[in-house]
Amino acid sequence: STHVTPPASCFPTLNVLTLLSHPPGCHDKAVLLYEYVGKRIVDLQHTEVPDAYRGRGIAKHLAKAALDFVVEEDLKAHLTCWYIQKYVKENPLPQYLEHLQP
């Protein structure tokens, strides 16, 4: 997984975690949008996987990478994204749960 700055035309104020390396653009890569909403709080806002790649577990890899990042950086995560909420329910690891913002 790679941390990149999105093209300005896509999401100018948000950060993007991207998994797939394809030609530049907004809709040709799997992304997880997140934003720092406090000093040590990150809001995991949205996952998006192109239609051609759906059903391959890519969103699951994005969710895991984002949560592992939160744990490694000792941040708190606010889960706006329904998919990441579902991922945590299905994978209730203690290190994830203790880094969730109530």
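Here the structure is a predicted model, which is why all the values come from computation and not from measurement.
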[X] side chain near [Y] side chain, heavy-atom distance below 4.5 Å:
{"X": "Y87", "Y": "L67", "result": "yes"}
{"X": "H99", "Y": "D74", "result": "yes"}
{"X": "V49", "Y": "V31", "result": "no"}

Partners meeting salt bridge (Lys or Arg N to Asp or Glu O under 4.0 Å) with R54 (sequence neighbours left out):
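For R54, the residues satisfying salt bridge (Lys or Arg N to Asp or Glu O under 4.0 Å) (neighbours in sequence not counted) are D51.
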
Residues which pass salt bridge (Lys or Arg N to Asp or Glu O under 4.0 Å) with K76, listed by chain and number, not counting sequence neighbours
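Salt bridge (Lys or Arg N to Asp or Glu O under 4.0 Å) check on K76 returns nothing, list empty.
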
Restricting to pairs with a member in residues 88-102, which pass salt bridge (charged side-chain N to carboxylate O under 4.0 Å, His left out), not counting sequence neighbours?
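Every salt bridge (charged side-chain N to carboxylate O under 4.0 Å, His left out) pair that includes a residue of residues 88-102, provided the two are not neighbours, is K86-E90.
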
Interatomic spacing from [atom1] in [X] to [atom2] in [Y] - rounded to 0.5 Å:
{"X": "Q45", "Y": "T80", "atom1": "CD", "atom2": "OG1", "value": "6.0 Å"}
{"X": "L62", "Y": "H46", "atom1": "CG", "atom2": "NE2", "value": "10.5 Å"}
{"X": "Q85", "Y": "L44", "atom1": "CD", "atom2": "CG", "value": "10.0 Å"}

For residues D43 and V37, report the shortest heavy-atom separation together with the two atoms involved.
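Heavy atoms only, the tightest pair is CB-CG1, 3.8 Å.
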
Run the side-chain contact (heavy atoms from CB on, under 4.5 Å) test against L93 and tell me which residues pass, sequence neighbours left out.
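Partners of L93 by the side-chain contact (heavy atoms from CB on, under 4.5 Å) criterion, ordered by chain and then number, come out as Q95, Y96.
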
With sequence neighbours excluded, what pairs up with E72 under the side-chain contact (heavy atoms from CB on, under 4.5 Å) test?
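For E72, the residues satisfying side-chain contact (heavy atoms from CB on, under 4.5 Å) (neighbours in sequence not counted) are D68.
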
Cluster check L97, V42: I/L/V/M/F/W/Y, side chain < 4.5 angstrom:
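Yes, L97 and V42 fall within the same hydrophobic cluster.
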
Are I41 and V71 grouped together when hydrophobic residues (ILVMFWY) are joined by side-chain heavy atoms under 4.5 angstrom apart?
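No, it is not one cluster - the side chains of I41 and V71 are not joined through contacts under 4.5 Å.
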
Pair W82, T47 - check side-chain contact (heavy atoms from CB on, under 4.5 Å), show working.
CA-CA 9 Å; W82 69 267; T47 55; 6.0 Å; no

